Number of protein chains: 2
Amino acid sequence: MQKPTIPKGMRDFGPIEMARRNYIFNTIKDVYAIYGFSQIETPTMENMNTLMGKYGEEGDRLLFRVLNSGDFFKGVSDEELIGRNTVLFSNKACEKGLRYDLTVPFARYVVNHFNELSMPFRRYQIQPVWRADRPQKGRYREFYQCDADIIGSDSLINEVELIQIIDDVFCRLGINVKIHLNNRKILAGMAEVAGEQDRIVDITVAIDKLEKIGLENVKKELREKGFSENTIQTLEPLITLDGSNNEKLERLGTLLQNSEIGQKGIEETRYILDRLDVVNIKNEILVDLSLARGLSYYTGAILEVKAKDVAMGSITGGGRYDNLTGIFGMQGLSGVGISFGADRIYDVMQELNLFPEEQLKNTQLMFVNFGEDETKFLLPVIAQIRKAGIRTELYPEPAKMKKQMAHADSLNIPFVALVGSEELEHKKINIKNMKTGEQNLLSVEEVITLIGI
Amino acid sequence: MQKPTIPKGMRDFGPIEMARRNYIFNTIKDVYAIYGFSQIETPTMENMNTLMGKYGEEGDRLLFRVLNSGDFFKGVSDEELIGRNTVLFSNKACEKGLRYDLTVPFARYVVNHFNELSMPFRRYQIQPVWRADRPQKGRYREFYQCDADIIGSDSLINEVELIQIIDDVFCRLGINVKIHLNNRKILAGMAEVAGEQDRIVDITVAIDKLEKIGLENVKKELREKGFSENTIQTLEPLITLDGSNNEKLERLGTLLQNSEIGQKGIEETRYILDRLDVVNIKNEILVDLSLARGLSYYTGAILEVKAKDVAMGSITGGGRYDNLTGIFGMQGLSGVGISFGADRIYDVMQELNLFPEEQLKNTQLMFVNFGEDETKFLLPVIAQIRKAGIRTELYPEPAKMKKQMAHADSLNIPFVALVGSEELEHKKINIKNMKTGEQNLLSVEEVITLIGI
């Protein structure tokens, strides 16, 4: 019989990985809850017409489709079958597909449940999503997203609070990060003063490359892309903009003085930074004009987070969008959201050795099994220790001591209890600290005190 | 534009449902961890050859199949297409399907990761599963299973511990339950002494019906099913068996004295009950010979849990199986497991009003927004309160008081803080208890003490 395999790009998570993943998820959940966000969950499958056309052509292609139950050939003619048009066939034979992200299902949720919701609605959602992408290092076909959004409010306090959340989560996880902040309106303003409204991306790419290739090469590239000398001259002070956040915004104010939208973007960014000053966040926040993610939907603040002590892409992102539910015909609901990249955060923590082993909730105490008499004595003792909240197991069989100790070792169980006939007689427990090798003869209460904390 | 819908048999879970579901899941997780179980997760999709043939013909039909990416027509001839054989086509066009339960993926996991695992392996897994069943009240196409299994150990201590877990979980949830215990070997023994080895189900149905229709009607039905008078006479004392668990086992010992397997089943059951006596479980345990679930895979103990105070089917089940990984060619791994039915537990708790509202982790304190000056003052105050672990939100806009209070009301937020110009001047917070209407002027520290606990 052939060994079974799992689909490519998907993963099993064993006990240690799960403990670490849970540590990340629980930290994020705790912080979301502290900031007043409520959790929701949506179904794994959505109707295809909910998903199609929401992620561009590429996205449509990457959706996993679920074959209809029953006669999925119904409604497909013989000619169409022989035509072997995969798009046409799958549109008819698959009514359902797997969730591609959490944003579209959230928009759908808001439209479906609008009457039950009090706006502004602060929701978080932590669930897997699926993409039929080519799997490669760090890119999977099934992965979790951890989103929080506030919808139904234009207030910039929401942006402030989301950045506080980011700061709080990474403080708790022990990751030093730099929070990059930009604003779609500033980008629009720059494109406007340059007279190149449709070329925001080219402009941000130029800004991004300055450090790597130098001003002359950046200008050369802009020329090659067809920007006029005049435009390049206008862009130069924007590309070379540096200094503190305040200095940048000050200078931008002058450079974009003729762009109303640009001024609005500067004002929004000032407000956010000003309020963040008051709450004293621990991580660095950086106005970064090269940041240009989600240009097809973000309309205000754009943000992205990078770990400082390890080379890794963005580990969190987010921004303001003006019309979340417009795709489903409900206009005028503005929102702002963030999404933590759990897989990359995992990799960062692994690389920097940040997982606190003692908080990963594995078994704390294993009782060696010496036989039936000892077991009968131990069962209520173990019940009492568990009642005190100590994660405890009894080796289920009176196997050889060596085998039982090896089991405790391989599970990294910090304490092993030995209760043989002698200990039984004195109703004491011989506790061995597996790290130090130290052994102590203790009462049940003393065991609870020792391990409990 | 048409309002979007979700696939039938699937559900959105809003904030209140999620809080309640999390309460159930977290309780189960906590107890599993206390008993030394480790969590694993497997991918949503498995290869179809992992799933097919594992759940009977009915199960194969109820699997959700995922259409291959790329050219799924490849390998299907024109003739086969025109033939419109859905089974043949889906076998070729769908390599992947959605998880149908957690047991088969667990067996697959054990085979794939055997070398990393130290036996006995105590794993729990809480994930959704999918079945293309006809949706009806209480039956969904996507639902969570909450499984715990111990594999690689024949010891009956495992059965004892799983029953302790059941007892512990339902104590914590506040549900009074009756734990029904049977043993496949006792059932086999009854069938053996009756000379009807293949008719275990008919015999258990007869036992089950005794109370409802009386002995004479049970015997009549057995006659109609072709049982001989002689056999019925042999079965009668088994069908009418009553008394305490010990009395039942005592009497069974005599009735099944000629069945070796029956005696083994009695001995196992005695052992389990005897050890449970020592740990003093809180809920009732009942030897129930009519219990006959999972006859195609259970080989030893069989158990099922019913709520005492509400009419509902089984809310938890489990049993011993001898060959979990045999389906994947790895022989000789015995295991025993249980599975909590989260949806039914939810319904029971709802009906009995058992959800402790204060533990559902929704927002505890909302600050009313009076404007920019107040907000700027409040941001660090709120940060301090959140740091103390109090789930706090600030209404993001200076909307009308009535609107803000209605928001707090609709979210069931127990405390609202009012900091207007006067409070601002004295650096005090006016806290309103939303249940009693009581208001108090407090310092930040006093607020934390009041709400924090």
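Naming convention: chains lettered A, B, ... in sequence-line order (proteins, then strands); numbering from 1 in each chain. As the structure is a prediction and not an experimental result, all values here were calculated from the model.
Side-chain contact between B:Asp168 and A:Arg386: absent, with no pair of heavy atoms (C-beta onward) separated by less than 4.5 Å. Side-chain contact between B:Met45 and A:Leu98: present, with at least one pair of heavy atoms (C-beta onward) separated by less than 4.5 Å. At least one side-chain heavy atom of A:Glu41 sits less than 4.5 Å from a side-chain heavy atom of B:Tyr144. At least one side-chain heavy atom of B:Asn47 sits under 4.5 Å from a side-chain heavy atom of A:Thr5. At a threshold of 4.5 Å between non-hydrogen side-chain atoms, the residues B:Lys3 and A:Met330 do not count as touching. The shortest side-chain heavy-atom distance between A:Arg122 and B:Thr363 does not fall under the 4.5 Å cut-off.
Around CD of B:Glu79, the count of heavy atoms belonging to other residues, nucleotides or ligands within 6.0 Å does not exceed 12. Atom CD1 of B:Ile16 has 12 or fewer neighbouring heavy atoms from other residues, nucleotides or ligands inside a 6.0 Å radius.
Only the backbone of A:Ser77 comes within less than 4.5 Å of a heavy atom in chain B; its side chain stays farther off. Proximity to chain B involves both the backbone and the side chain of A:His407, based on heavy atoms less than 4.5 angstrom apart. With a 4.5 angstrom heavy-atom cutoff, B:Asn362 does not touch chain A via any of its atoms. Of the atoms belonging to A:Asn22, it is side-chain heavy atoms, and not backbone ones, that fall under 4.5 Å from chain B. Contact annotation for B:Asn85: only backbone heavy atoms (N, CA, C, O) come within less than 4.5 Å of a heavy atom of chain A. If you measure heavy-atom distances from A:Tyr271 to chain B, the contacts under 4.5 Å come from the side chain alone. Neither the backbone nor the side chain of A:Phe377 has a heavy atom closer than 4.5 Å to any heavy atom of chain B. For A:Arg275, the parts lying near chain B are the backbone and the side chain together; criterion is any non-hydrogen pair under 4.5 Å. Within the 4.5 angstrom heavy-atom criterion, atoms from both the backbone and the side chain of B:Thr42 approach chain A. Of the two parts of A:Asn26, neither the backbone nor the side chain holds a non-hydrogen atom closer than 4.5 Å to a non-hydrogen atom of chain B. Heavy atoms closer than 4.5 Å to chain B are found in the side chain of A:Ile157, but not in its backbone.
The CD1 atom of A:Ile82 sits 6.0 Å away from atom CG of B:Leu81, with the distance rounded to the nearest 0.5 Å. Separating the OH atom in B:Tyr109 from the CD1 atom in A:Ile6 is a distance of 10.0 Å, to the nearest 0.5 Å. Note that CG of A:Asp274 and CG of B:Leu379 are 10.0 Å apart. Values are rounded to the nearest 0.5 Å.
When each of A:Gly36, A:Ala132, A:Ser155, A:Pro7 is checked for heavy-atom pairs under 4.5 Å with chain B, A:Pro7 comes out on top. For the set B:Gln364, B:Arg61, B:Lys96, B:Glu95, the entry with the most heavy-atom pairs within less than 4.5 Å of chain A is B:Lys96. Taking chain B as the reference chain and counting heavy-atom pairs below 4.5 Å, the highest number among A:Lys387, A:Glu116, A:Glu161 is found for A:Glu161. Heavy-atom pairs under 4.5 Å with chain A peak, among B:Ile385, B:Leu117, B:Asn280, B:Val76, at B:Val76. If you tally non-hydrogen atom pairs under 4.5 Å between each of A:Ile40, A:Ile382, A:Ile390 and chain B, the highest count goes to A:Ile40. Note on A:Glu17, A:Gln39, A:Met10: by heavy-atom pairs under 4.5 Å with chain B, the leading option is A:Gln39. Of the listed residues (B:Glu46, B:Gln164, B:Arg21), the greatest number of heavy-atom pairs within a distance under 4.5 Å of chain A belongs to B:Glu46. Each of B:Ala383, B:Ser153, B:Ala406, B:Ser69 has some count of heavy-atom pairs under 4.5 Å with chain A, and the biggest count is that of B:Ser153. Listed options B:Ser410, B:Pro105, B:Pro120 were ranked by heavy-atom pairs under 4.5 angstrom with chain A; first place goes to B:Pro120. Ranked by heavy-atom pairs shorter than 4.5 Å toward chain A, the options B:Met119, B:Arg123, B:Arg141, B:Gln384 are led by B:Met119.
Summarising the geometry of B:Pro380 relative to A:Val279, their closest heavy-atom pair is N-CG1, 3.9 Å, with the distance given to 0.1 Å. Annotation for A:Glu393 and B:Tyr35: closest pair CB-O, 4.1 Å, computed over non-hydrogen atoms. B:Thr86 approaches A:Phe73 most closely through the heavy-atom pair CG2-CD1, 3.8 Å. Shown here for B:His113 and A:Asp12, the closest heavy-atom pair between the two residues is NE2-OD2, 2.9 Å. Across all non-hydrogen atoms, the minimal contact from A:Leu67 to B:Ser90 is CD2-CB, 3.6 Å.
Under the 3.5 Å distance criterion, the side-chain polar atoms of A:Ser38 are left unmatched by any main-chain donor or acceptor of B:Pro15. Looking at B:Asn158, its side chain never comes within 3.5 Å of a backbone N or O of A:Pro396 through a donor-acceptor pair. For A:Asn112 (side chain) and B:Pro4 (main-chain N/O), a donor-acceptor pair under 3.5 Å exists by modelled atom type. The backbone N or O of B:Thr44 sits less than 3.5 Å from a side-chain atom of A:Glu142, completing a donor-acceptor pair.
Taking the ring-ring contact (aromatic ring centres under 6.0 Å, His included) definition, one finds that A:Tyr124 meets it with A:Tyr32, sequence neighbours left out. Contacts of A:Arg84 classified as salt bridge (charged side-chain N to carboxylate O under 4.0 Å, His left out), with partners at least two apart in sequence or in another chain: B:Asp78.
Classified by interplanar angle (parallel below 30°, tilted 30° to 60°, perpendicular above 60°), the ring pair B:Phe89/A:Phe89 is perpendicular.
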